[in-house]
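A short write-up of the structure that comes next.
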Amino acid sequence: MAAARYTPSISDEAVAAKTGCTWVRWFKALDFAGARGLDHKGIVAILSTKFRVGPWWRQMITVEYERSRGKRQVHQQPGGFTVNISRTMAAPAGRLFDAWKHPATRRRWLGGGSLTIRAATRPKSLRITWRGATNVDVGIAARGRGKSQVAVEHSKLADRAAVERARAFWKKRLSNLEAMVTG
């Protein structure tokens with residue numbers, strides 16, 4: 001995919017304001033520096049050492065470059081594909097955490113299924129192995145009096161079709177969770 005036809009997720013104006021270069025200029029500079037033949041870490045290293053780009057922008061420029069050159073798809077990470085879903089609900093963080101943590105409560109809104117909670121920090125987060133093959137990270141953050149946001153990141157998915165299935169699944173399950181904790 002040529003850089004001229006690729007549309008990055010952040011505008012030229014924004015990247016130029018923060019880094020001094022437009023996307024086309026970054027892509028040409030990275031091509032000239034040999035980035036086409038490098039992996040993600042190699043491209044990040046060029047941005048760090050040669051161009052002295054800060055950590056957040058190094059990652060952003062590298063991902064957009066990889067996408068522009070057909071080396072990475074949207075939602076693709078080194079370990080597979082990832083989808084993120086979030087919802088703000090009229091419920092305290094502790095109640096939402098408990099709805100994830102306690103098996104009987106969880107079955108009411110999530111249904112059955114094989115999951116293993118690897119780590120949990122009440123009332124903020126859970127790290128889950130989902131159906132033995134993928135990861136689900138849950139973040140819960142208070143958003144004012146009696147309101148909290150639940151953010152679900154489902155990773156290690158096989159492809160973009162799996163991303164869309166997971167997105168639909170988690171939207172429905174978060175709706176179920178919201179109905180349960182607010183009803």
Side-chain angles (χ1 to χ4, degrees), residues 1-88 100 115 117-119 121 124-141 143 148-174:
M1 177 183 312
R5 292 185 307 195
Y6 175 72
T7 303
S9 61
I10 295 178
S11 72
D12 255 349
E13 295 78 17
V15 73
K18 295 295 184 179
T19 69
C21 293
T22 63
W23 286 118
V24 169
R25 191 166 171 203
W26 274 120
F27 297 163
K28 286 180 180 179
L30 287 168
D31 283 343
F32 186 76
R36 279 188 189 257
L38 298 176
D39 65 5
H40 185 88
K41 287 181 182 180
I43 299 167
V44 168
I46 289 173
L47 290 165
S48 177
T49 58
K50 184 172 181 158
F51 298 107
R52 305 234 185 268
V53 176
W56 191 89
W57 281 101
R58 279 195 297 258
Q59 293 298 322
M60 177 56 68
I61 294 166
T62 300
V63 167
E64 295 295 348
Y65 177 78
E66 289 171 325
R67 289 176 180 168
S68 78
R69 299 305 186 251
K71 296 175 81 166
R72 179 189 295 239
Q73 296 178 43
V74 174
H75 303 296
Q76 188 176 17
Q77 305 288 325
F81 287 77
T82 300
V83 65
N84 294 284
I85 304 293
S86 67
R87 168 113 17 121
T88 300
W100 281 91
L115 68 86
I117 297 175
R118 298 188 315 272
T121 302
K124 296 180 180 183
S125 64
L126 300 103
R127 296 182 60 94
I128 298 167
T129 299
W130 183 257
R131 297 183 178 157
T134 61
N135 293 330
V136 174
D137 292 332
V138 180
I140 303 169
R143 294 287 184 241
S148 301
Q149 181 182 42
V150 177
V152 175
E153 179 179 278
H154 195 153
S155 60
K156 295 178 72 176
L157 298 168
D159 52 30
R160 293 201 47 168
V163 166
E164 295 311 316
R165 287 190 303 273
R167 181 187 320 281
F169 175 86
W170 288 112
K171 281 184 176 182
K172 173 68 174 147
R173 294 320 181 271
L174 290 180

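The figures that follow rest on heavy atoms only: side chains count, while hydrogens, waters and symmetry mates do not. Since the model is a prediction, treat every value here as computed from it, not as a measurement.
Between Lys28 and Phe32 there is no side-chain heavy-atom pair separated by less than 4.5 Å. Using a 4.5 Å heavy-atom cutoff, the side chains of Arg69 and Asp31 are in contact. Side-chain atoms of Arg36 and Tyr65, non-hydrogen and from C-beta on, do get closer than 4.5 Å to each other.
Put simply, CG on Leu115 and CG on Asn135 are 12.0 Å apart, with the number rounded to the nearest 0.5 Å. Here the NZ atom belonging to Lys156 is positioned 7.5 Å from the OG1 atom belonging to Thr129, to the nearest 0.5 angstrom. How far OG of Ser9 is from CE of Met60: 4.5 Å, rounded to the nearest 0.5 Å. Rounding to the nearest 0.5 Å gives a distance of 7.5 Å between OG of Ser148 and CD1 of Ile140.
Minimum interatomic distance between Arg25 and Gly20 (heavy atoms only, all atoms of both residues): NH1-O, 3.7 Å. Between Ala166 and Leu157, the shortest heavy-atom distance links the atoms CB-CD1, 3.9 Å. Between Ile46 and Ala33, the shortest heavy-atom distance links the atoms CD1-O, 3.7 Å. The shortest heavy-atom contact between Ala162 and Ala158 is CB-N, 4.0 Å. Closest non-hydrogen pair, Glu64 versus Pro8, comes out as OE1-CA, 3.3 Å. The minimum heavy-atom distance between His40 and Arg72, with the atom names listed, is ND1-NH2, 3.1 Å.
Separation of the Trp130 and Phe169 ring centroids falls under the 6.0 Å cut-off.
Between the Ser48 side chain and the Ala45 main chain, no donor and acceptor come within less than 3.5 Å of each other. Checked by atom type and distance alone, the side chain of Gln149 never pairs as donor or acceptor with a backbone atom of Ser86 at under 3.5 Å. Arg58 places a side-chain N or O within 3.5 Å of a backbone atom of Val53 that can act as its donor or acceptor partner. Remark: the backbone N or O of Leu30 is not paired with any side-chain donor or acceptor of Lys50 at under 3.5 angstrom. Counting only distance, with no hydrogens or angles, the side chain of Thr19 and the backbone of Val15 share a donor-acceptor pair below 3.5 Å. Side-chain atoms of Ser11 come within 3.5 Å of backbone atoms of Ala14 as a donor-acceptor pair (strictly under, hydrogens ignored).
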Please assess Lys71 against Asp39 for the test salt bridge (Lys or Arg N to Asp or Glu O under 4.0 Å), listing each intermediate value before the final yes or no. CA-CA 9 Å; Lys71 296 175 81 166; Asp39 65 5; over 6 Å; no
Test Ile61 against Phe51 for side-chain contact (heavy atoms from CB on, under 4.5 Å), laying out the working first. CA-CA 12 Å; Ile61 294 166; Phe51 298 107; over 6 Å; no
Val44 and Gln59: CA distance, side-chain angles, deciding distance, side-chain contact (heavy atoms from CB on, under 4.5 Å) verdict: CA-CA 7 Å; Val44 168; Gln59 293 298 322; 3.5 Å; yes
Could you check Val138 against Val150 for side-chain contact (heavy atoms from CB on, under 4.5 Å), going step by step and ending with a plain yes or no? CA-CA 7 Å; Val138 180; Val150 177; 4.1 Å; yes
Leu126/Asp137 under side-chain contact (heavy atoms from CB on, under 4.5 Å): CA gap, chis, key distance, verdict: CA-CA 6 Å; Leu126 300 103; Asp137 292 332; over 6 Å; no
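Ring-plane geometry between Trp23 and Trp57 is classed as tilted, the angle between the planes lying from 30 to 60 degrees on a 0 to 90 degree scale.
Put simply, the residue from Arg173, Glu153, Arg167, His154 that forms a side-chain contact (heavy atoms from CB on, under 4.5 Å) with Ile85 is Arg167.
Other residues, nucleotides and ligands contribute over 12 non-hydrogen atoms within 6.0 Å of the CZ atom of Arg118.
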